[in-house]
*Asks:* 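One structure coming up, written as structure tokens, with questions to follow.
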Amino acid sequence: MSRSKVTLAGVELKNPVIPASGTFGYGREYEKFYPLSRLGGISVKGTTETLRTGNLPPRIAETPSGMLNSVGLQNPGIDHFIAEELPYLKTKDIAVIANMAGRDIEGYRVIAEKLDSTDVDMIEVNISCPNVKAGGAAFGVSCEGAAAVTKAVRAATKKPVMVKLSPNVTNIADIARAVEAEGADAVSLINTLLGMRIDIRTRRPVLRNNVGGLSGPAVFPVAVRMVWQVANAVKIPVCGMGGISTWQDAVEMMMAGATAVQVGAAIFNDPYAPVKIAEGIERYCEDNGIADISEIVGSVEPW
Ligand SMILES: Cc1cc2nc3c(=O)[nH]c(=O)nc-3n(C[C@H](O)[C@H](O)[C@H](O)COP(=O)(O)O)c2cc1C
């Protein structure tokens, strides 16, 4: 898999494919299907300062070409992650990206400081979760909030910092510029788009949280557009995601400007999706005489 090796904010990935946060747990269930080392990296379930049980069910619903979720950052907390999950992942020959979210700026700082003294390869700062009341998207929807979180995390760690952006904004390129200015090493996008469905028999929203995040193939064109806009607005690398379910989608996302890609909802359909996408990218390189997949990053030629 040498043609599809990439470097994302200084971190070497043996291929550009990373299961997206919240769709792959800590990889344990998927190790039963294939060795995690076949993937470039893993973005783990979002970690918070303390254990969270998440929102009440129902919190997942299928939609045309996608899904709505309002899981609400259910996770065992940062100390558990560092003690129990990270040592396991570090035996798997895969780049470990610690996705995290704070309740407030101080929360982000505390988690970043704890992660700084571990051997995680990168920190992904979620400022875009639509499913929690405090933190999350509250910071990701303004340049000031996004900058403040990035500044606090940057001061707390020397690890590569990748800030995960919300699509629920008027101008995502402005937010990307704001986090770049505060020292982010990369940005990832998109998180889920805020959505809602109603059961017409009960007149109740299908999710107990009323609203939730839309992901899956339905959001792919939105994600491609945003990755393209952000890649043209900043110098730091972009990790692209949102609706990728085939290797062709991944190549398209890279042409829009993504150095690496994350795959989320597609995994619920097919646990092998990330591996198939990684193998497809390598085959695409071989078939098209591409020695290094990085050659195609941002290679779209706009009209
Ligand atoms: C069930 C579920 C849980 C998620 N949990 C997180 C999370 O903890 N942290 C985060 O940054 N993104 C989370 N996301 C967002 C995904 O990482 C990704 O940004 C989004 O789903 C778009 O990609 P996709 O269309 O390939 O799923 C979650 C998505 C889903 C579907």
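Both ligands and their constituent atoms are indexed starting at 1 by order of listing. Just so it is clear, the model here is predicted, and its values are computed rather than measured.
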*Asks:* Where does Leu73 meet ligand 1, judged by heavy-atom distances below 4.0 Å: at the side chain, the backbone, both, or neither?
*Replies:* side chain

*Asks:* Could you tell me whether Lys90 and Asp121 have a side-chain N and a carboxylate O separated by less than 4.0 Å?
*Replies:* yes

*Asks:* Which of the numbered atoms in ligand 1 are under 4.0 angstrom from any heavy atom belonging to Ala265?
*Replies:*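 Result: 24 (P), 26 (O), 27 (O).
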
*Asks:* Would you check whether Asn99 has a nitrogen or oxygen atom less than 3.5 angstrom from a nitrogen or oxygen atom of ligand 1?
*Replies:* yes

*Asks:* Could Lys45 and Glu85 be called an ion pair, given the rule that one side-chain N must be under 4.0 Å from one carboxylate O?
*Replies:* no

*Asks:* Under 3.5 Å between some N or O of ligand 1 and some N or O of Val219?
*Replies:* no

*Asks:* For Lys45 and ligand 1, does the shortest N/O to N/O distance drop below 3.5 Å?
*Replies:* yes

*Asks:* Between Val71 and ligand 1, is there a nitrogen or oxygen pair with a distance under 3.5 Å?
*Replies:*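 Between Val71 and ligand 1 (N or O atoms, distance only) the closest approach is not under 3.5 Å.
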
*Asks:* Does any pair with a residue in residues 251-263 pass side-chain hydrogen bond (donor to acceptor under 3.5 Å, both in side chains), and if so which ones, sequence neighbours excluded?
*Replies:* Glu124-Gln262

*Asks:* Between Lys158 and Asp185, is there a side-chain N and carboxylate O pair less than 4.0 Å apart?
*Replies:* no

*Asks:* Who's the nearest protein heavy-atom neighbour of atom 15 (C) of ligand 1, and how far?
*Replies:* Asn191 OD1, 3.4 Å

*Asks:* Measure the distances from the heavy atoms of Gly242 to every atom of ligand 1 and state whether one is below 4.0 angstrom.
*Replies:* yes

*Asks:* Do Glu49 and Lys114 sit within salt-bridge range, that is, some charged N less than 4.0 Å from a carboxylate O?
*Replies:* no

*Asks:* Looking only at N/O atoms, are Met241 and ligand 1 under 3.5 Å apart anywhere?
*Replies:*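 In this structure, Met241 places no N or O atom under 3.5 Å from an N or O of ligand 1.
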
*Asks:* If I apply the N/O under 3.5 Å rule, does Thr192 come out as touching ligand 1?
*Replies:* no

*Asks:* For Lys159, does the NZ atom sit with more than 12 other heavy atoms under 6.0 Å from it, leaving out its own atoms?
*Replies:*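 For Lys159, atom NZ is crowded (more than 12 foreign heavy atoms under 6.0 Å).
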
*Asks:* One residue to check: Asn69. Relative to ligand 1, which of side chain, backbone, both or neither has a non-hydrogen atom less than 4.0 Å away?
*Replies:*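 Contact part for Asn69 vs ligand 1: side chain (C-beta onward).
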
*Asks:* Give yes if a backbone or side-chain nitrogen or oxygen of Gly46 is under 3.5 Å from a nitrogen or oxygen of ligand 1, and no if not.
*Replies:*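 So ligand 1 has an N or O lying under 3.5 Å from an N or O of Gly46.
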
*Asks:* Using distance alone, determine whether Ala266 and ligand 1 share an N or O pair under 3.5 Å.
*Replies:* no

*Asks:* What I want to know is whether Thr23 and ligand 1 share at least one N or O pair that is separated by under 3.5 angstrom.
*Replies:*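 N/O-N/O distance below 3.5 Å does not exist for this pair.
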
*Asks:* So is Leu189 close enough to ligand 1, meaning a heavy atom under 4.0 angstrom away?
*Replies:* no

*Asks:* Judging by distance only, is a nitrogen or oxygen of Ala20 under 3.5 angstrom from one on ligand 1?
*Replies:*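 N/O-N/O distance below 3.5 Å does not exist for this pair.
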
*Asks:* Specify whether Tyr284 and Trp247 have parallel, tilted or perpendicular ring planes, treating 30° as the upper limit for parallel and 60° as the lower limit for perpendicular.
*Replies:* tilted

*Asks:* Give a yes-or-no answer on whether the side chains of Thr48 and Asn75 include a donor-acceptor pair shorter than 3.5 Å.
*Replies:* yes

